Protein chains: 2
Amino acid sequence: MPPDEKPTMKQRILETADLLFYQRGIRAIGVDTIAAEIGISKRTLYNHFPSKDELIAAYLAGRFTKAPASGKPPVEQILGTFDRLERGFAAKGFRGCPFVNAVAELGSEDQSVRKIAIAFKESRRLWFRDLLKQLAVADAEGLATQLTILVDGAIAQDLVRNDPSMARAAKEAAKVLLANAGVEVGGEKSSRGTPKGRNAASSHTTVVTREGEGFA
Amino acid sequence: MPPDEKPTMKQRILETADLLFYQRGIRAIGVDTIAAEIGISKRTLYNHFPSKDELIAAYLAGRFTKAPASGKPPVEQILGTFDRLERGFAAKGFRGCPFVNAVAELGSEDQSVRKIAIAFKESRRLWFRDLLKQLAVADAEGLATQLTILVDGAIAQDLVRNDPSMARAAKEAAKVLLANAGVEVGGEKSSRGTPKGRNAASSHTTVVTREGEGFA
DNA sequence: CATTAATTACACAGATCGGTGTAATCAAGT
DNA sequence: ACTTGATTACACCGATCTGTGTAATTAATG
């Protein structure tokens with residue numbers, strides 16, 4: 001499918017909803033706001049999505065991306081996750097994991113949202129696990145769980161602190177866990193001591209990319 | 001101060017707001033709902049809290065508890081955090097970290113909420129750091145950060161999965177990080193392999209306690 | 001008993017919420 | 001030129017939101 005050409009109206013609605021939902025919260029954004037942002041009538045929005053709930057579902061479904069496959073060796077893929085994470089943190093507009101946020105704000109009643117969130121988290125865990133199995137790690141299941149914990153912990157910390165170095169701290173921890181599991185982990189320790197520049201207003205030419213999608 | 005005696009009206013309002021805000025989300029709960037739950041008039045509520053925002057602030061302030069001090073050795077205190085975390089997860093009605101949730105649902109604009117969330121997270125990190133310094137850990141700052149990442153990661157994972165064993169997985173990771181930093185960590189490895197009973201509907205006589213408060 | 005303070009019921013304001021109904025308008029395709 | 005489908009403007013619905021004004025009622029204190 002050619003990625004150019006003018007986007008469908010449905011796509012425009014969805015991507016605008018995505019932006020607003022993610023940035024300001026699902027409950028905080030009304031359908032009127034979304035329609036106004038695009039400059040369309042509310043009727044048009046409802047012609048493409050029969051209800052806000054379905055729009056929310058589409059939003060989360062769109063965030064459910066596959067973890068990137070690459071030819072690189074498993075260790076690099078695993079550690080690379082934390083590098084992508086850090087870039088995501090540094091990118092303007094990062095606001096944590098959309099699935100965790102959705103569960104947090106939609107309460108425990110909403111079962112469908114929780115289900116997709118669980119599916120996403122588990123898919124990431126399995127991605128780690130399969131790579132760990134390639135590395136002949138004994139307890140691939142448990143270590144994979146621990147890696148997802150590191151990822152989500154870094155995300156939560158960055159969400160409140162706005163400190164991208166949390167990704168690096170998590171990466172260092174991941175290295176220790178990997179080494180402890182008998183995995184040969186690549187050379188330099190990347191950074192030492194307390195990550196400098198905590199709570200950074202340090203804007204390194206941040207790009208507005210949306211890499212990582214569901215995070216992470 | 002004697003903890004018994006009948007609670008103040010303000011206290012009743014606050015504790016009810018706490019329960020509802022935490023359980024169902026701040027944005028999801030209206031002041032009418034809170035007043036109705038207690039059985040008081042909305043006017044009375046506004047006589048004690050001039051606005052919902054101040055009630056929210058009081059809610060978060062109430063969740064800002066000090067990490068429990070004890071005479072136990074630092075390592076046990078650190079690892080004990082994860083045990084308390086697991087009990088919190090198992091307790092009925094656990095719904096993640098109130099500060100992270102508040103930041104997640106109130107969006108990036110609300111500065112006051114983010115500030116108190118940062119303060120809380122940092123206080124927990126410093127608590128870890130001071131204990132680590134007692135253990136003569138070289139990079140106490142960095143390791144403390146990593147421990148908070150583990151805590152928040154376990155919380156996020158449990159929030160979506162409802163799996164209290166995430167706390168144990170985080171604890172095992174913490175042990176590895178501590179050992180790697182030269183800390184002598186206590187004997188048995190507590191559990192091995194994949195934590196059984198993932199996504200547990202397994203109700204072990206869960207208590208309704210609210211220990212941990214702000215988590216963790 | 002009289003005073004005072006808290007709480008009550010209740011109506012109401014203005015905004016926003018998700019969602020619908022309708023008729024006019026616009027843009028293609030044939 | 002005619003038809004078809006999408007989009008528009010716009011009014012409207014009932015519900016809910018935060019917050020206020022007011023006068024009556026209740027409970028404790030002197």
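Model, not experiment: these values are computed from the prediction. Heavy atoms only: backbone and side chains are in, while hydrogens, waters and symmetry mates are out. Just so we're on the same page: letters track the sequence lines, and every chain starts at 1.
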Is there any ring-ring contact (aromatic ring centres under 6.0 Å, His included) pair reaching into residues 11-35 of chain A, and which pairs are they, with sequence neighbours excluded?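 Only A:F21-A:Y59 qualify under ring-ring contact (aromatic ring centres under 6.0 Å, His included).
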Residue pairs passing the ring-ring contact (aromatic ring centres under 6.0 Å, His included) test with at least one member in residues 34-58 of chain A, sequence neighbours excluded, are none
Would you call the rings of A:F99 and A:F120 parallel, tilted or perpendicular if under 30° counts as parallel and over 60° as perpendicular? parallel
Name the orientation class of the two ring planes belonging to A:F128 and A:F82 (parallel below 30°, tilted from 30 to 60°, perpendicular beyond 60°).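 If you compare the ring of A:F128 with that of A:F82, the planes turn out parallel.
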Working note: A:E105 + B:R27, criterion salt bridge (charged side-chain N to carboxylate O under 4.0 Å, His left out); need CA distance, chi angles, decisive distance, verdict. CA-CA 8 Å; A:E105 68 174 324; B:R27 279 211 143 96; 5.9 Å; no
Just grab all the salt bridge (charged side-chain N to carboxylate O under 4.0 Å, His left out) pairs involving residues 31-54 of chain A, residues at least two apart or on different chains. A:D32-A:K42
Please write out the pairs of protein N or O atoms and N or O atoms of nucleotides 24-26 of chain D separated by less than 3.5 Å, giving the distance to one decimal.
none

List the protein contact pattern of nucleotides 5-20 of chain C with one symbol per nucleotide (5' to 3'): B for base contact, S for sugar-phosphate-only contact, - for none; contact means a heavy-atom distance under 4.0 Å. --BBB-------SSBB
Of all residues at least two apart in sequence or in a different chain, which pass the side-chain hydrogen bond (donor to acceptor under 3.5 Å, both in side chains) check with A:R129? A:E141
Just the rounded figure in Å: distance from P of D:dT18 to CD of B:E54.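 Nearest whole value for this atom pair: 15 Å.
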Within the distance-only criterion (no hydrogens, no angle test), does the side chain of B:R114 pair as donor or acceptor with the backbone N or O of A:V160 below 3.5 angstrom?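 Such a contact is found between B:R114 side chain and A:V160 backbone.
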